[in-house]
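For the single chain, residues carry numbers from 1 onward in sequence order. Just so you know, these numbers use all the heavy atoms, side chains as well, and skip hydrogens, waters and symmetry mates.
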Amino acid sequence: MGMSEFYGTGDEAESIATIHRALELGCNFLDTADMYGPFTNERLIGTAITGRRDDVVLATKFGNERREDGSYVGLNGRPEYVLAACDASLARLGVDHIDLYYQHRVDPGVPIEDTVGAMASLVQAGKVRHLGLSEAAPATIRRATAVHPIDALQTEYSLFSRDVEAEILPTVRELGIGFVAYSPLGRGFLTGSVKSAADLPEGDSRATGRFPRFAAENFDRNATLVSIVEQLAITKGCTPGQLALAWVLSRGHDVVPIPGTKRRTYLEENLGAADVELTAEDIAWLDQNVPQPAGDRYADMGPVNR
């Protein structure tokens, strides 16, 4: 996502080089959405994987409808839109199938059965291999699985966002659904690189009020929490970001974090988290000493956990 929008200016050449480096290092799961850009991120990935389609597990999403000029239309889970959005994503990506196709946000105006029914028809047509949901509530997940198997749920999960542990994670485990953790670095907060709002580049959505944890009234408290992560990172000989990712990896083999980056340097740092070994004592210490941060995940929490 950050390669095309939301987190400052992108660099297409470096973005493509970063994707190529990820594949070289054995990182083969690429996650995008039609609304990133909008539309430009899918085209970017399509360019990057030209001639290498078989090396990639490709995931994209629909449901946050935007226009070419970037304006936001709204949530859309109507069956006819699902079919059209998939065809458009296939064309932008330059592929004949999508490995994992998500509903990006649940549309409260359309029964989930209707949306998933349309998604299921894409599987039957060979355009999609597996289905996923993002930020869906337990009851919605259950209703969806009654229509067609759901293979993945994508929801925010990190040391800064652990609310999924109460109901959502137990639900997907009961149903045999994999969990994809987005923003596992707390949108960069947990890396320790953002010391103040002034560190954010111009045009960065984290400085616009969209994410209250970066707001002035919450920033200092949350920075204090990051300092706790930094303490343990020093003893483990890793960066705070690597420690935060290692914590997500420790949640179980069915939990897959998808840290975003725009640069090869940070990609390689992130992948180093797989070599960080956390003991049961380390994990207990983090769980005890890193409380939930100040501020909600989004300024508008309405579209999540529906």
Before you tell me yes or no, could you show the steps for Val106 and Leu133 under side chain to side chain contact (heavy atoms under 4.5 Å, CB included), namely the whole-Å CA-CA distance, both residues' side-chain angles and the distance that decides it to 0.1 Å? CA-CA 8 Å; Val106 175; Leu133 302 174; 5.6 Å; no

Going hydrophobic residue to hydrophobic residue with side-chain gaps under 4.5 angstrom, can you get from [X] over to [Y]?
X      : Y      : answer
Tyr182 : Ile98  : yes
Ile283 : Val226 : yes
Leu245 : Leu271 : no
Tyr101 : Val110 : no
Met1   : Leu185 : no

Drop me the distance from [X]'s [atom1] to [Y]'s [atom2], to the nearest 0.5 angstrom.
X      : Y      : atom1 : atom2 : result
Glu230 : Leu190 : CD    : CG    : 10.0 Å
His130 : Asp151 : NE2   : CG    : 5.5 Å
Arg264 : Ile19  : CZ    : CD1   : 12.0 Å
Gln231 : Asn289 : CD    : CG    : 8.0 Å
Asn305 : Thr140 : CG    : OG1   : 8.0 Å
Leu249 : Gln242 : CG    : CD    : 11.0 Å

Has the side chain of [X] got a donor or acceptor atom that lies under 3.5 Å from a matching backbone atom of [Y]?
X      : Y      : result
Arg213 : Gly295 : yes
Thr235 : Leu232 : yes
Arg52  : Ala48  : no
Thr171 : Pro138 : no
Glu268 : Thr265 : no
Arg67  : Pro38  : no
Asp254 : Gly178 : no
Arg210 : Ala299 : no

Minimal non-hydrogen separation, [X] against [Y], with atom names:
X      : Y      : answer
Thr191 : Ser193 : OG1-OG, 2.7 Å
Leu23  : Asn28  : CD2-CA, 4.1 Å
Val194 : Phe219 : O-CZ, 3.5 Å
Glu5   : Met35  : OE1-O, 3.6 Å
Leu75  : Pro303 : CD1-CB, 4.5 Å
His148 : Val116 : CB-CG1, 4.0 Å

Going by heavy atoms in the side chains, are [X] and [Y] under 4.5 Å from each other?
X      : Y      : result
Pro291 : Leu225 : yes
Lys127 : His97  : no
Val255 : Arg173 : yes
Glu174 : Arg142 : yes
Ile49  : Ile45  : yes
Leu44  : Ile16  : yes
Val123 : Ser121 : no
Ile141 : Val172 : yes

For Arg78 and Asp107, run salt bridge (charged side-chain N to carboxylate O under 4.0 Å, His left out): C-alpha distance rounded to whole Å, both residues' side-chain angles, the deciding distance at 0.1 Å, then the answer. CA-CA 8 Å; Arg78 295 192 302 273; Asp107 182 350; 5.5 Å; no

Pairs satisfying ring pair (Phe, Tyr, Trp, His ring centres under 6.0 Å), at least one member in residues 272-306, at least two apart: Phe211-Tyr298

Are the charged groups of [X] and [Y] less than 4.0 angstrom apart, N to O?
X      : Y      : answer
Arg263 : Asp11  : no
Arg251 : Glu165 : yes
Asp99  : Arg53  : yes
Glu14  : Lys262 : no

Does either side chain, that of [X] or that of [Y], offer a donor lying less than 3.5 Å from an acceptor on the other one?
X      : Y      : value
Gln103 : Ser134 : no
Ser183 : Glu156 : no
Trp247 : Asp287 : yes
Lys61  : Tyr36  : yes
Asp34  : Ser89  : no

Taking the cut-offs as 6.0 angstrom to the six-membered ring centre and 45 degrees off its axis, would you call Arg66 and Tyr72 a cation-pi pair?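 Because its charged atom misses either the 6.0 Å distance or the 45° angle limit, Arg66 does not stack over Tyr72.
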
Answer yes or no: does atom [atom1] of [X] have more than 12 heavy-atom neighbours from other residues, nucleotides or ligands under 6.0 Å?
X      : atom1 : value
Glu12  : CD    : no
Glu277 : CD    : no
Phe39  : CZ    : yes

Test side-chain contact (heavy atoms from CB on, under 4.5 Å) applied to Tyr102 and Leu131, Val180, Ile150, the passing residue: Val180

Using side-chain contact (heavy atoms from CB on, under 4.5 Å) as the criterion, point out the one residue from His104, Met301, Arg297, Gln154 that pairs with Glu135. Arg297

Step by step, work out the side chain to side chain contact (heavy atoms under 4.5 Å, CB included) result for Phe179 and Val164. CA-CA 10 Å; Phe179 188 96; Val164 299; 4.1 Å; yes

Can you check side chain to side chain contact (heavy atoms under 4.5 Å, CB included) on Leu153 and Ile168, steps first, answer last? CA-CA 9 Å; Leu153 175 77; Ile168 293 174; 3.3 Å; yes

List the steps, then state whether side chain to side chain contact (heavy atoms under 4.5 Å, CB included) holds for Arg187 with Phe160. CA-CA 10 Å; Arg187 295 185 174 79; Phe160 263 19; over 6 Å; no

